[in-house]
**Student:** 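Quick one: the structure is below, questions incoming.
Reminder, nothing fancy here: chain letters follow the sequence lines and each chain counts from 1.
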Number of protein chains: 2
Amino acid sequence: MTHKDRQRERFEQQCREQGMKLTPQRLIIYDALIDADEHPTVDMIYARVRQTFPTISLDTVHRTLVTFCEMGVASMVEGTGSPKRFEGNLELHHHARCVQCGKIVDFYHQDYDNLTAPPDIQQEFSILKKTVHIEGICSTCRQIQQQDSSCS
Amino acid sequence: MTHKDRQRERFEQQCREQGMKLTPQRLIIYDALIDADEHPTVDMIYARVRQTFPTISLDTVHRTLVTFCEMGVASMVEGTGSPKRFEGNLELHHHARCVQCGKIVDFYHQDYDNLTAPPDIQQEFSILKKTVHIEGICSTCRQIQQQDSSCS
DNA sequence: TTGTTTGCAAATACTTTGCATATGC
DNA sequence: GCATATGCAAAGTATTTGCAAACAA
C-alpha cells in the first residue's frame with residue numbers, strides 16, 4: 001500500500017467522521033490534488049479532473065477544494081484569492097495571521113532573522129528574503145467562538 | 001526628523017534614481033501606505049487618499065501600489081490577488097517562492113520545524129502552524145534574466 | 001518638448017450566490 | 001426519505017487593458 005493510498009484512506013475516513021458524503025467528484029478531486037505537486041489552481045484541477053469526469057463543473061471543483069480546506073485535508077497557499085494587500089514596512093519582520101478574520105500582525109524577533117536555508121534551496125534560488133509565517137486564531141476571534149458555542 | 005520623514009525622503013530619492021516621476025498621487029499614496037499599520041488593500045488606500053485628493057482614481061491607486069512593489073519600496077502580503085492555489089500535503093513543510101514566475105517549491109527542513117514563537121504572539125494567537133517562507137528568484141528565471149540582459 | 005503618468009471606460013478573470021435536480025447515506 | 005452535494009446560470013468583485021489628456025522633468 002503506497003503512501004497515497006494511505007492518504008486516500010484517511011481522507012475517506014475523515015469524510016465519514018465529519019458526516020461529509022463520499023461523492024465521486026470529491027474522490028476524484030482529492031486524487032487530483034494529492035497527485036499534483038505544483039500547488040494547483042482551481043482551473044488546473046478542473047482541467048485534469050475533466051479528463052476522466054467530463055461532466056464535472058468548474059464550480060464544484062472550486063467549492064470542493066474550499067470544503068477540503070475547511071475540513072483540514074487540504075490547505076491554501078498564497079494567493080488566497082482575496083484582494084491584494086500591501087505594506088510599506090521594509091524592515092525585516094515576520095507575520096502572524098489569523099485564519100479566521102485574516103488579520104495580519106507584524107512582529108520582530110531576532111531569533112528568526114538569521115535562519116539558514118537548506119543547501120538545495122540555496123542552490124535553486126537566489127534568496128531575497130526569509131520570513132516566518134505564523135498561523136493561528138487571534139484573541140478576538142477566539143472570544144467570538146466561545147460566545148457562539150455557549151449560545152447553542 | 002521622524003522615522004517616517006526619513007522613509008519618505010529615501011522614497012523620493014529612490015524615485016529620482018530610478019527615473020520615476022514624483023507625482024502628487026505617488027507621494028500621497030506612499031504617505032497613506034506608510035501611515036497604515038493594517039496591511040491595507042487597494043480600496044482602503046483609495047478611501048484614505050480620496051479625503052485629501054478627491055479626484056484620484058482607484059485605478060491609479062492600484063497601479064501605483066504595484067509600481068511601488070516593483071520598485072522595492074513596498075511589498076505585497078498574502079493574498080496576492082492571484083487565483084487560489086491549493087495543496088494536499090499536510091506534512092509540516094516550508095515554502096520557497098519565486099517572485100518572478102510565482103512557482104512555489106515545498107521543502108522539508110528539521111531546523112525549521114520547532115521554532116519558538118515570541119511570547120506576545122503566543123499570547124495573542126492560538127498558534128496552529130509555523131512555517132518559513134523563502135522568497136527569491138528560481139534558476140529558470142535567473143537564466144531568462146541573463147539572456148534578456150545580454151540581448152540589449 | 002518628451003516620455004511618463006493619470007483618469008476613464010470597457011473588458012476580463014475569478015469567485016460567489018441562488019436554485020432546481022440529483023445522489024449518498 | 002432526507003439532507004447534502006452538484007451543475008447551471010447569473011451576479012458580484014477585483015484586476016487589467018487601451019487610449020487620450022495632463023503633467024513632471
**Student:** So, does A:Thr60 get its side chain near the phosphate of D:dT6, meaning an N or O under 4.0 Å from OP1 or OP2?
**Tutor:**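 Answer no for this pair, as no side-chain N or O of A:Thr60 is under 4.0 Å from OP1 or OP2.
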**Student:** Whole Å only: how far is the CG atom of A:Leu65 from the C1' atom of C:dT16?
**Tutor:**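 So the CG-C1' distance, A:Leu65 to C:dT16, works out to 15 Å.
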**Student:** B:Phe53 or A:Val42: which one's nearest nucleotide on DNA chain C is closer to the 5' end?
**Tutor:**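 Result: B:Phe53.
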**Student:** Salt bridge between A:Glu124 and B:Lys103, side-chain N to carboxylate O under 4.0 Å?
**Tutor:**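 Salt bridge flag = yes for B:Lys103 with A:Glu124.
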**Student:** Considering only heavy atoms, which members of residues 4-32 of chain B lie under 4.0 Å from some atom of DNA chain D?
**Tutor:** B:Lys21, B:Leu22, B:Pro24
**Student:** Excluding sequence neighbours, so at least two apart, what forms side chain to side chain donor-acceptor pair (under 3.5 Å) with A:Asp5?
**Tutor:** A:Thr2, A:Arg8
**Student:** How would you label the contact of A:Thr55 with the nucleic acid (heavy atoms, under 4.0 Å): base, sugar-phosphate, or nothing?
**Tutor:** sugar-phosphate
**Student:** When you match A:Ser82 and A:Thr67 each to their closest nucleotide on DNA chain D, which lands nearer the 5' end?
**Tutor:** A:Thr67
**Student:** Please tell me if the side chains of B:Ile56 and B:Ile29 come closer than 4.5 Å, counting only heavy atoms from C-beta onward.
**Tutor:** yes
**Student:** For A:His62 and C:dT16, is the shortest distance between a side-chain N/O and OP1 or OP2 below 4.0 Å?
**Tutor:** yes
**Student:** A:Phe125 and B:Val99: same hydrophobic cluster, using ILVMFWY side-chain contacts below 4.5 Å?
**Tutor:**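 Unlinked, A:Phe125 and B:Val99 end up in two clusters.
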**Student:** Can you check whether B:Thr41 reaches A:Lys84 side chain to side chain, under 4.5 Å on heavy atoms?
**Tutor:** no
**Student:** B:Tyr112 pairs by ring pair (Phe, Tyr, Trp, His ring centres under 6.0 Å) with which of B:His93, B:His95, B:His94?
**Tutor:** B:His94
**Student:** How long is the line joining OH of B:Tyr46 and C1' of D:dA14, in whole Å?
**Tutor:** 14 Å
**Student:** Please tell me which of the listed nucleotides, D:dG18, C:dT15, C:dT17, lies nearest to the side chain of B:Arg63?
**Tutor:** D:dG18
**Student:** When you measure from the side chain of A:Gln122 to the backbone of A:Ala117, do you find a donor-acceptor pair of N or O atoms at a distance under 3.5 Å?
**Tutor:** yes
**Student:** Tell me whether the side-chain N/O atoms of A:Lys84 come closer than 4.0 Å to OP1 or OP2 in C:dC14.
**Tutor:** no
**Student:** Starting at atom CG of A:Asp59, determine the distance to atom P of D:dA10, rounded to an integer number of angstrom.
**Tutor:**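 About 14 Å, once rounded to whole Å.
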**Student:** Can you pull out how bent the helix from C:dT1-D:dA25 to C:dC25-D:dG1 is, comparing the axes over its first five and last five pairs, to 10°?
**Tutor:** 50°
**Student:** Rounding to an integer number of Å, can you tell me how far B:Ile45 CD1 sits from D:dA14 C1'?
**Tutor:**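 From B:Ile45 CD1 to D:dA14 C1': 16 Å.
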**Student:** Could you walk me through whether B:Glu38 and B:Arg48 satisfy the salt bridge (charged side-chain N to carboxylate O under 4.0 Å, His left out) test, starting with their C-alpha distance in whole Å, then the side-chain angles of each, then the deciding distance to 0.1 Å, before giving a yes or no?
**Tutor:** CA-CA 13 Å; B:Glu38 82 286 47; B:Arg48 191 165 316 181; 3.0 Å; yes
**Student:** Any donor-acceptor pair under 3.5 Å linking the side-chain atoms of B:Arg50 with those of B:Tyr46?
**Tutor:**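 A donor-acceptor contact under 3.5 Å links the two side chains.
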**Student:** Measure from CD1 on B:Ile56 to C1' on D:dC23 and round the result to the nearest Å.
**Tutor:**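 So the two atoms are 14 Å apart, to the nearest Å.
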**Student:** Whole Å only: how far is the CG atom of A:Leu58 from the P atom of D:dC8?
**Tutor:** 11 Å
